Structures are given as structure tokens and as C-alpha cells.
Peer 1: 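Quick one: the structure is below, and I'll ask about it shortly.
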Amino acid sequence: MSRVYNFAAGPAVLPEPVLEKAARQMLEHEGHGMSVMEMSHRSKMFEDIIGDAESRLRSLMNVPENYKVLFLQGGASLQFSMVPLNLSSAEGAADYVCTGSWAKAAIKEGSRFTKVNVVGSSEDRNYSYVPVLDSSLFNKNADYFHITSNETIFGIRYTKFPDTGSVPLVADMSSNILSEVFDVSKFGLIYAGAQKNIGPAGLVVVIIREDLIGKAGASVPVMLNYKIHADNGSMYNTPPTFSIYIAQLVFEWLQGIGGVKEMQKINEHKAGLLYGFLDESKLFKGTANKKDRSLMNITFVLPNDELNDRFVKEAAAKGFVNLKGHRSVGGMRASIYNAMPVEGVKALVGFMKEFEAQNA
Ligand SMILES: *Cc1c(COP(=O)(O)O)cnc(C)c1O
């Protein structure tokens, strides 16, 4: 067997101990005589799994008592509609910050269900920074205020969140949930597709303050209503059982490392290795504004496309795969989620140094 260093933006690398444990439990999960995939979601066996996954996540993120944790489907993209459908209405309004492709997608979809007011944008410099916000532009009567805590494509992140007063702050944390310590009590709602820092695709985690549940209009489909899912413990219908089980193992692994605080230190170290090299390099250049740089998605370019292509190709041949940047930024992107080991980043930097020496 030979595993590569996978720098994909998502679905992304998973912790090897998690994959190994899942492999050991594939045919028989903990004396149950069957795989998790074969279990009824109504069984005690599965109830233990989803209950344990939730309590581990609550503990990792220090989720306050008055928040529900939901395990849903439809990816982060469905939350672009569920958030306005549940928290607002055609007569209502919401503030959004436009920091990149994902924020833009959230704004576009949100605009179909509520009146969207964009209070800040970094489109003028191709989303290379997080805009400084002028709170006098915030709508004090907005139903919610939406941000994208980490823009996966452009490699930027909020290092400080806007103070929205009594307006609930809603964050798409798909690509940096569990990567650093966040104060959940500052948010009304957090959502994250699993396939970056939580587990396999097909699962989205929603953490929602209880007073925001139950506001959906009568025409909202049951499957899109947070109250239905909250009242049914995420089991109104069959949840993505196997994805929830892998998420449980990822949470267990993260607790074993020492939790989010320890993970944050490791992530700062990993990102520091790459950014440190980019800042010194005469050939490679980071594309994100220094103070807003992501810990998870590191975007960089070489002086021309020919070198970019050569780098991606030669890197892949050495086992560093999925480094090609998104077409809207060009160049390269190294996604170094929680599960990317420090050795993987060190090895990549070593290869970049070699490449620089040969091509300078
Ligand atoms: C990947 C990603 C999405 C889209 O997630 P899906 O699960 O594919 O819908 C949305 N927002 C951010 C920040 C992402 O990184």
C-alpha cells in the first residue's frame, strides 16, 4: 500500500487512525455482528453512535446547553437556502459579507428567499482579503448576519468576527470548523459540510441556538425545517449513518490529540511552515493578504502558468497530489486540514525548495 499526501480542498484527507479503525470495524462493529452501514438508524446500536458523536462534538467545541446539534444532508450548499427559509422570509432582511465564491453562492441563494444587504466585499482585489466592516451599514433589524469564516478557494479567513449585537451571526464554517478555537456562544448558527474537517461527504453539521428554531413558514418543506430535525434528533428520516459514524471516529481522534486548542497549535505550526517559506521565496508568492491568511487553504503562485503547471505535475509525480489551484485564483492551493500530518507539510516545503533551486 502506498498513500499519497493529499492536498485536496474537499473531499479531503482523513486521519489514518480513523480509516484504520473503520477498516477494522467494517465487517463487524463492536460485537454487533454487522457493519454500521447495515444497522437500522432506529437501533440502539446506531443511537449510541449518533449520541456519542454529538457529545464528542459538543465537548470539542464547548457547545452551550441552549444550542442543538443537527446532522443533516444536502451539504453546505443546502444551508444557503435553509438558513433564510428558517430564519427569515420574503418580508424580512439579512446582512451578508462577500468574501469569495462561497459567500457569493450563499448571497445568490439567500436572495431568493429574503432581502439581502451586502455590507462588505473584497471582490475588488479578487477576494484576497477580509474587508474591514463599517458597522453603521449593518441593518439592526436584520433576521441574521451571514459570514463565511474561511474562504476555501481564495485562502482567507476571519481572525476576528463582526459584532452584530442582537442580530444572530450565522457562519459557514465548512472549511475551518474544528481547526481553531471558536466561541460558539457568539453565533446564532454555525454550519459545516463534513468533507473538509469532519468526515465523508453527505453530511452537514448544523449548530443552532434554540430560540432560532421554529420560525420557518408553513410552506417550507419538512426536510428543510430545522424544527423537524431538532424535534426528531436528526432522525426524522434516515440520516447518513455511515458518515455520522466516521465523524464520530474523527471527533474521537481529535480528542485524543488534545482537542481543538491543541489542534489549533498544530495547524498554526503547519501553516507557518508554508507561509514562512512563501514569504522568503524568490520564486513562489502567496496570494492572500498576510493578516487574513487561512490556516487550512494556502494559495500561492509561481511567476507564470508554465511554471505553475510544471510544479503541479512534478509534485504529483512525487506523491503530493491535488495542488492545482481553483481556476478563479490560478496557481496552486495546498489544503492542509486537521488530518494533514506535519510531515506532509514539511515534505511539501522540502519539495518546493528543491523546485525553486532548479527553476530560479
Ligand atoms: C466546500 C464548501 C461549500 C460547499 O459544500 P457542499 O457540501 O459541496 O455543498 C460551501 N462553503 C464552503 C466554505 C466550502 O468550503
Side-chain angles (χ1 to χ4, degrees), residues 6-14 70-85 94 96-112 116 121-123 127-131 144-159 161 169-180 182 187 189-207 223-224 229 234 239-240 242-244 246-247 250 267 271 288 292-299 322 324-329 333-340:
N6 180 7
F7 295 93
V13 57
L14 282 164
L70 308 177
F71 295 103
L72 307 180
Q73 303 187 54
S77 298
L78 191 57
Q79 294 308 307
F80 299 163
S81 345
M82 276 181 81
V83 166
L85 280 169
Y96 278 75
V97 184
C98 191
T99 44
S101 311
W102 292 118
K104 217 169 163 174
I107 288 167
K108 189 170 175 215
E109 186 66 8
S111 303
R112 303 179 60 220
V116 166
S121 170
S122 50
E123 191 167 16
Y127 302 117
S128 57
Y129 68 106
V130 173
Y144 62 90
F145 187 112
H146 184 281
I147 59 166
T148 310
S149 58
N150 183 79
E151 283 284 355
T152 323
I153 290 175
F154 298 89
I156 54 169
R157 86 187 205 279
Y158 286 79
T159 49
F161 295 111
L169 183 60
V170 172
D172 175 358
M173 285 197 182
S174 294
S175 51
N176 73 340
I177 193 168
L178 297 169
S179 70
E180 54 182 299
F182 296 120
F187 297 85
L189 190 155
I190 291 168
Y191 63 91
Q195 67 272 24
K196 280 103 186 205
N197 247 348
I198 293 177
L203 169 69
V204 58
V205 171
V206 174
I207 303 171
M223 280 298 289
L224 303 187
H229 294 294
S234 301
F242 195 76
S243 293
I244 292 168
I246 299 292
V250 171
N267 286 333
D292 305 318
R293 295 197 288 208
S294 171
L295 293 178
M296 298 283 98
N297 312 100
I298 282 86
T299 49
N322 290 318
K324 193 172 167 56
H326 192 270
R327 62 189 177 283
S328 53
V329 189
R333 169 177 51 177
S335 295
I336 52 170
Y337 296 114
N338 287 355
M340 173 57 64

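For the numbers below, each heavy atom of this structure counts, side chains included, while hydrogens, waters and symmetry mates do not. What you see is a predicted model; the values in this text were computed from it and never measured. Atoms within each ligand, like the ligands themselves, are counted from 1 in listed order.
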Peer 1: Is Leu72 close to Met82 at the side-chain level, that is, under 4.5 Å between some pair of heavy atoms?
Peer 2: yes

Peer 1: Using a strict cut-off of 4.0 Å, indicate which atoms of ligand 1 neighbour a heavy atom of Thr152.
Peer 2: 12 (C), 13 (C), 14 (C), 15 (O)

Peer 1: Which heavy atom of Glu151 sits nearest to which heavy atom of Trp102, and what is that distance?
Peer 2: OE1-N, 3.3 Å

Peer 1: Looking only at atom types and distance, does a side-chain atom of Ser174 sit under 3.5 Å from a main-chain N or O of Gly193, one as donor and one as acceptor?
Peer 2: yes

Peer 1: Ring centroid separation for Phe145 and Phe187, is it under 6.0 angstrom?
Peer 2: no

Peer 1: Side chain, backbone, both or neither: which part of Asn150 has a heavy atom under 4.0 Å from ligand 1?
Peer 2: backbone

Peer 1: Kindly compute the distance separating OH (Tyr96) from CD1 (Ile147), expressed to the nearest 0.5 Å.
Peer 2: 12.0 Å

Peer 1: Yes or no on side chain to side chain donor-acceptor pair (under 3.5 Å) for Asn176 and Asn197, after CA distance, side-chain angles and deciding distance?
Peer 2: CA-CA 7 Å; Asn176 73 340; Asn197 247 348; over 6 Å; no

Peer 1: Decide whether an N or O pair under 3.5 Å exists between Thr148 and ligand 1.
Peer 2: no

Peer 1: Taking both backbone and side-chain atoms of Gly75, is any N or O found less than 3.5 Å from an N or O belonging to ligand 1?
Peer 2: no

Peer 1: To check your reading of the model: name the closest protein heavy atom to atom 9 (O) of ligand 1, its residue, and the distance in Å.
Peer 2: Ser77 OG, 2.6 Å

Peer 1: For ligand 1, which atoms, with element, lie under 4.0 Å from some heavy atom of Ala76?
Peer 2: 3 (C), 4 (C), 5 (O), 6 (P), 7 (O), 9 (O), 10 (C)

Peer 1: Starting from atom 14 (C) of ligand 1, what is the nearest protein heavy atom, named by residue and atom, and what distance separates them?
Peer 2: Lys196 NZ, 2.9 Å

Peer 1: Of the side chain and backbone of Gln195, name the one, both, or neither that has a heavy atom under 4.0 Å from an atom of ligand 1.
Peer 2: side chain

Peer 1: Decide yes or no for Val205 and Tyr191: does some side-chain heavy atom of the first lie under 4.5 Å from some side-chain heavy atom of the second?
Peer 2: no

Peer 1: How far is atom 11 (N) of ligand 1 from its nearest protein heavy atom, and which residue and atom name does that atom have?
Peer 2: Asp172 OD2, 2.6 Å

